[in-house]
Each structure stands twice: as structure tokens, then as C-alpha cells.
There are 4 protein chains.
Amino acid sequence: MARPKSDDKRNALLLAAEQVFAERGLAAAPTSAISKQAGVAEGTLFTYFRTKDELVNALYRSIKLELADALMAQFPRRGPVRHRLEYLWNAFVDWGVANPQRLNVLDQLSVADIVTEESKAVGYEPFAEIEALALHSIKTEILQAYPCEFIAANMKALAETTMGFMNAYPDEAGRYRQIGFDVFWNGVARDKA
Amino acid sequence: MARPKSDDKRNALLLAAEQVFAERGLAAAPTSAISKQAGVAEGTLFTYFRTKDELVNALYRSIKLELADALMAQFPRRGPVRHRLEYLWNAFVDWGVANPQRLNVLDQLSVADIVTEESKAVGYEPFAEIEALALHSIKTEILQAYPCEFIAANMKALAETTMGFMNAYPDEAGRYRQIGFDVFWNGVARDKA
Amino acid sequence: MARPKSDDKRNALLLAAEQVFAERGLAAAPTSAISKQAGVAEGTLFTYFRTKDELVNALYRSIKLELADALMAQFPRRGPVRHRLEYLWNAFVDWGVANPQRLNVLDQLSVADIVTEESKAVGYEPFAEIEALALHSIKTEILQAYPCEFIAANMKALAETTMGFMNAYPDEAGRYRQIGFDVFWNGVARDKA
Amino acid sequence: MARPKSDDKRNALLLAAEQVFAERGLAAAPTSAISKQAGVAEGTLFTYFRTKDELVNALYRSIKLELADALMAQFPRRGPVRHRLEYLWNAFVDWGVANPQRLNVLDQLSVADIVTEESKAVGYEPFAEIEALALHSIKTEILQAYPCEFIAANMKALAETTMGFMNAYPDEAGRYRQIGFDVFWNGVARDKA
DNA sequence: TATGAATGAGTCTTCATTCAT
DNA sequence: CATGAATGAAGACTCATTCAT
């Protein structure tokens, strides 16, 4: 499809949606509030996204993509396994702490049934790539013989938990980031560090 | 009393709410669908719960209570720490797999802002007892010197991840239950098993 | 129709209706509020009045009847015309000031279309009698040659206006009662007093 | 602007509200009936008036304004007091007889507690001007030494009574208009005409 | 007869979406 | 393409009335 005139407007709408969802909750967020926050007319939203659901799904993908980029942009392709995993961990956790609103919305979207399976698949794609890249090069070496996706899922779960504590106790954010990773590493590595 | 308010009907409404929330999502669940599913008139819902929010909060508390009971009813007060933690793990995970719908709704409610802080506090109460009982007796012995709530939160996160895999791969449910616990235990225990 | 058991309850309901209408306005007065105020169950109201409309009409008649009684109980059958009219005036106005709530409700009911024409006729009956008694014995003497009901209607209108001022400025209630009557008398009498 | 808000539609809604209130009573007038009568969709009403209350208040003000205009447009600024008062009387009474529905609704609104004090104040404004103009120039001359507002209130009360008779007996409307004014004038003037 | 839970039509209002300007 | 008024299908909640107890 030919893109509508302004990418700026599209981005403004996505950003506005994120803000409104974070403030009022996904359920109670009318499109009118989103377009207002974005500084465009109510009808304009629908020239960029055919329906509200489409906007929500686009937002989900956009956040997922940005997150994937945060993880991969500087990912070290070489070096000790522990270092590389810790790099991923820190990149993930730092992103979440730097973008609490975005993380919050991502949480909401992840349980909302508006997000289609297709979007979830698309959103997962870059992570599959990351995992493939990171874990595959690693598995045989020193991690437990668990399914690759299981390890990744656990990492994600522990990282999100850790973010929660980092946000709740900013003074000890550094410590939580560290012990969070320790829990993960000790949980899945064959030998303790 | 003319016709006393029936506990059956109240429970039917809670159950119906759970089903409808699971099917259509918390956001898109009209009270009319709930009363219909419960087999009562639309108005009847409001003689048992003054508002929709009140119903949602009651449901949250009810699920939390049931879950607490599933964990605590047979909880072994003595014995090796590992055993007792594994008991909790299995009880939680088995409950979640046996009640996927209920767990799903609990997840939705946990991020919904309809659930009040008070409800969250009430819902947390029985778990505080678990934590006190389980973790306090443990901390000094063989677990890492992490904040008690951090360990609990990690346990919950890993357990929910594990449940996801148990549901996705029923044939290997037993194995996932086991390795899930291993990840947790190795992550937080001072010495590997 | 055979009267239900308790006249007390019937009166309690009428009184309660009056209070609730005065407080919340005729429009926003649910029957449940009335029965609660009367100290009976919601259903009980409907054993004394088949419908809400019937209750409203009964209340209208009851107030009208009480008012008529206030006017006629001690009405002087003899004496100078001016005195007797002034007696009526004072009785009316004093009743309204003593029962502002009842007067307020009467005003609401008078414009509400729930009150049937029949009720209005019935409510007017005693006043017709009063007028007949008072004015007929008077007309030919010293009042203007206006239709009897026109004079009565003017008297009522002026009296209600006067009551408004008496309620608004209680310190000058006596004065308003007096000048109100003067306006009426000078308006309809053939010669100024 | 896309489609500007149309004054026609706004007026249609006010007129429709007036008709529906007159027919069914203020209490039993759903907004759906109003929008239907106005020939617009149910939702449209709420783009012109945020709430039903706002519509009601706007209607009150609009009627009051129209009435004020009917009285003042041609009001004679000079001439004998009696003439000028009679002009006002006739203008008021003629307006009421020509717009019985509007007058009826005004009466309903005047006792309804939906109409705010602010609206009442605004609605009274033009009449204050009338009073100032008419009565102030008069008080010292030939009227009784009554409070200005008391005279005005009596005038209104008598006028509405008169209108009732004019409507009830159209054949004698002219006569009632005359004798109504006579009652008023004789009631408040220092000397009989 | 008294009670109050049960009923469901009806109320005001919101909101995603369309379309005239 | 941008605008925002128009639309009408829901949605949460109320309430007069019924009826099981």
C-alpha cells in the first residue's frame, strides 16, 4: 500500500496512543483522545490506520521492533558466552527502565486479545533471530540441555520481573539488575559462576 | 426475609464473569454477557454487585483466595526446604494448568487498573503468610541473600512461564514442571542440587 | 375497596413520598426511596398503592384536602366580607408558611402531568365549596363583577406569590402577609379600603 | 472546518425538546424522543449539548430570552405609567396565549431543580432591566410603596392566571386580558383608575 | 400481609467509524 | 488529504413492578 503523506503523523499517532494507553489504560482509551493527543483531527487517525485494532497492532509491533533494536544494535558477536548473555540482559532491562511507559503498554498489549496472533508472531520474529544468534552459538557449550525457547522465555520473564523491582526501587536499580542476571545465569548454566 | 440472596447465584455470576473475561477479554466484556452466561436477568447482576468494578474486584479476590488455598491447604510445615518449595511450585503450576482460564483472567486483572490497591492488598494477604512461612524459614539457610519478595516474584514469573510450556506441550508437561523448578532452584539456592 | 390493614402505613407512605419529593424532586424520586423513608419494604408500597402514579395522585388529593381543612375548619360564617376573605387569606398563607415542604410538593404536582384531571377535579372540590360559600355570599355586595372563579384563581395566585416572599424573608413575613392581602382586596373590591 | 455546527440543528433540538416536554412532561422525556423529534440521530444531540441537563438549561434561557424580547422590543420608553404597564401586561399575556406550549414548559422548568441558579440568574437579567426601567420610573409616582420585586411577582402571577382563563375561554380572551390588568392595576396603584 | 430479590425495558451517554465540506 | 459533525449501536446502570418465601 502506498504510504499516506506524512510519516511524522503516523508516528505521532503511535506515540500518542502509547501515552494515552499508559495514562488511561487500554480499555478506556477512545480514539478521539489519541488523535487529540497527536494533534490531528479525529478522522485523520483513520487515514493512517483503518481501524483502532490496526493501530493497536501497529503499536505493538513498533514497540517490539524498537526493543529488538535496543537489544541487537550493539550486540557483541564474539566473546565469552556469559558476557554476551549479560549484554542482552542489560540491554533489555535498561530499555525497560528507560521507557517505563512503553514497557507498561507492552504489558497491557501482551495480554489484550486485540493483538492478533499474527502480530505476536511478527513481534517475536526479531527475538527469534536474537535467540538463534545468541543461544544457538551457546547451547552446546555450558548451558543446561533445555529447549532453547524455554531458556529464552525464562530470561524474558526474569528480566521483566527485575525491571519491576528496578522501577520500584530506583536507588537499588543497579543491584537488582545484577542479582536478576545472577538468578537467570545460575538457573540455566551448567556450572555456577 | 423474602427470598434470600443466593450464594449460588453470586458464585454463578463470578464464574460467568471469569468465563466471559477469558473468552472476550476484560475490556470487551459487557455485563449483559455475564448475566446471560450466569443465567440471570441483566438487572440481577447489580443486586449482587453494585457496579461492574465491584464484580471485577470480587472476582480478583476470589481467584486469589482459591489459589492461596490450593497452595496452602496441604503445605508441609516441616521437612527439607527444597521439598517444601517444590511442593509450592507444583501446587501452583498444577493449579494453573488445571485452571488455565482462571489463570488467564488473573493475569488480565493484575494489570487492569479497575482492580483497586485495596483488593490487591487483600489478595496478597494469604501469600504473605506463605512467604513468611516458606521464605523466612529459609533465607538464612541455603538461599541466596536476595530480598524475600524478589525471590517470590521470580518464582511466580518462572512458574507462569513454565505453565505456558506445559499447556503448549501437554505431552511433556511433567518434564517442564521439573526443569522449570530446577531453573528456579538453581537460580536462587546457594548450592546446586 | 377494602382498606389494607394499616392506615398508619398508608399515611407513612404518603408522608414519606412528600419528603422524598421535596428533597429530590418529583422526577428523581424512586419508589424504593419512598418505601425506605417510610420504613417498609419496597413491595409493601404496592399493596397500598397499585402504581406509583396512584400514590402521586393520592398524595395530591391528600394535600389538597388538608389545605381545604386548614381554610374551612374555623371559617367565620358571618361578619364583614373583608374580614372573612382576610381570614381565608391568612389561613391559606399561614398554612403554606407552616408547611413549606408540602407547599413545594403541591407546586411540583400541580404542573406534573402524572396528576390526572380527575384528581385535579377532586382536589378542587372543597375549594369550590369554599368559594361558593365565601364568594357567593359576597359577590353582589362589594366585589367587582368578575367571574367567581377568576377572583378565586387570582386570590390563589397572589397568595402563593406572597407565601414565596414570606418564606424568602421570614423577618418580614407579617408585612408581606398584609400587603399581599391588600393587593388582592384592592384588586377585586369595588372600593378601596 | 469540516461541517460547521449548524444553528438550525441546535434550534431544532431546542424546539423539539420544548415540544416533547410539553407533551410528555419534563420528567418522562427521553433524549431519544427529543432527537427523533428534531430529526437527528440520538448521538447528535450530544454534540450540541454535552448533557441532557445542559439542553434543559439552554432551553430555559432561550425561552426566557424570547419572552424578554417580546416584552421589550417595542416597549414605550415614554408616556403615562398606566399605559406602559398595560403594554407590558398585554405583551406578556399575548405571548403566553400565542405560545401556550412554551409557557407551559417554562412553568415546568421554573420548578425543576435541573435548572441551575446560574441559569435562573441569566434568565432573569433582561427582566431586571424591565423592572428597572418600568418600575423604578414608577415607584415614587403612583404605585404603592411595595418592594419592586413583589409588584413584579404579583404581576407575573396575575398574568399567568389570566392567560389560563384566556386559553380556557377564547371567546372572552379580550375581556379577561382587560379585567386581569384591572385587578393588577387596582391592586398596586395608589388610586383607582 | 410483609418482604426484598428478580426482572428487563428504558435511560443517558460514549465512541469507532463515515462522509460532507 | 485533513477536518470534525453525524451516526447509531452498544454499555452500564436504574427502577417500577412482580412474585416466591
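A, B, ... follow the sequence lines: proteins, then strands. Residue 1 opens every chain.
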**Complete:** Rounded to whole Å, the CZ-C1' distance (Arg50(C) to dT1(E)) equals 18 Å
**Asked** Does the side chain of Thr47(A) get closer than 4.0 angstrom to OP1 or OP2 of dA2(F) through an N or O atom?
**Response** yes
**Asked** So does Tyr48(D) get a side-chain nitrogen or oxygen closer than 4.0 Å to the phosphate oxygens (OP1/OP2) of dA5(F)?
**Response** no
**Asked** Which whole-number value in Å describes the distance from Lys36(C) NZ to dA16(F) P?
**Response** 15 Å
**Request:** Please check if the side chain of Asp107(A) supplies one atom and the backbone of Val111(B) the other of a donor-acceptor pair under 3.5 Å.
**Result:** no
**Message:** Nearest whole Å is fine: how far is dT11(E) P from Asp53(D) CG?
**Reply:** 16 Å
**Message:** Using the rule given for side chain to side chain contact (heavy atoms under 4.5 Å, CB included), can you reason through Lys120(B) versus Tyr60(B), listing the C-alpha separation, both sets of side-chain angles and the distance that settles it, and then say yes or no?
**Reply:** CA-CA 8 Å; Lys120(B) 288 191 174 164; Tyr60(B) 177 82; 3.9 Å; yes
**Short side-chain to backbone donor-acceptor contact, Ser35(D) and Thr31(D), under 3.5 Å** = yes
**Item:** Which nucleotide in dC15(E), dC12(E), dT7(E) has an atom nearest any side-chain atom of Val40(B)
**Value:** dT7(E)
**Asked** Would you say Thr44(D) reaches dT7(F)'s phosphate, i.e. side-chain N/O to OP1/OP2 under 4.0 Å?
**Response** yes
**Request:** Using a 4.0 Å heavy-atom cut-off across all strands, classify Ala29(D) as base, sugar-phosphate, or nothing.
**Result:** sugar-phosphate
**Request:** Ignoring hydrogens and angles, tell me if any N or O in the side chain of Asn11(D) forms a donor-acceptor pair with the backbone of Asp7(D) under 3.5 Å.
**Result:** yes
**Message:** Do Thr47(D) and Thr44(D) pair up side chain to side chain, a donor and an acceptor below 3.5 Å, judged on atom types alone?
**Reply:** no
**Message:** In this structure, how many angstroms lie between the C1' atom of dA16(F) and the CD atom of Glu42(C), rounded?
**Reply:** 9 Å
**Asked** Counting any heavy atom closer than 4.0 Å, what does Ser6(B) reach on the DNA or RNA strands: base, sugar-phosphate only, or nothing?
**Response** nothing
**Request:** Please state how far atom CD1 in Ile114(A) lies from atom P in dA16(E), giving the value in whole angstrom units.
**Result:** 10 Å
**Asked** When you measure from the side chain of Lys9(B), which nucleotide among dA6(E), dT13(E), dT3(E) comes out closest?
**Response** dA6(E)
**Asked** So, is Thr31(A) near the phosphate of dA16(E), with a side-chain N or O under 4.0 Å from OP1 or OP2?
**Response** yes
**Prompt:** Can you tell me the Watson-Crick or wobble partner of dT18(F), both distances under 3.5 angstrom?
**Reply:** dA5(E)
**Complete:** Heavy-atom nearest nucleotide on DNA chain E taken for Arg24(D) and for Gly43(D); more 5' hit belongs to Arg24(D)
**Prompt:** To the nearest angstrom, how far is Leu26(D) atom CG from dT11(E) atom P?
**Reply:** 14 Å
**Message:** Does Lys9(A) qualify as a cation-pi partner of Tyr48(A), given the criterion of NZ or CZ under 6.0 Å from the six-membered ring centre and within 45 degrees of its axis?
**Reply:** no
**Item:** 5' precedence on DNA chain F between Ala41(D) and Pro30(B) (nearest-nucleotide basis)
**Value:** Ala41(D)
**Message:** Closest approach to the side chain of Lys52(A), judged atom by atom: which nucleotide of dA16(E), dA2(F), dA2(E) is it?
**Reply:** dA16(E)
**Message:** In whole Å, I'd like the distance from the CZ atom of Phe46(C) to the P atom of dA5(E).
**Reply:** 16 Å
**Prompt:** Between atom CG in Leu13(D) and atom C1' in dC12(E), what is the gap in whole Å?
**Reply:** 15 Å
**Item:** Pairwise 5' ranking along DNA chain F for Ser32(C) and Ala28(B), keeping only the more 5' one
**Value:** Ala28(B)
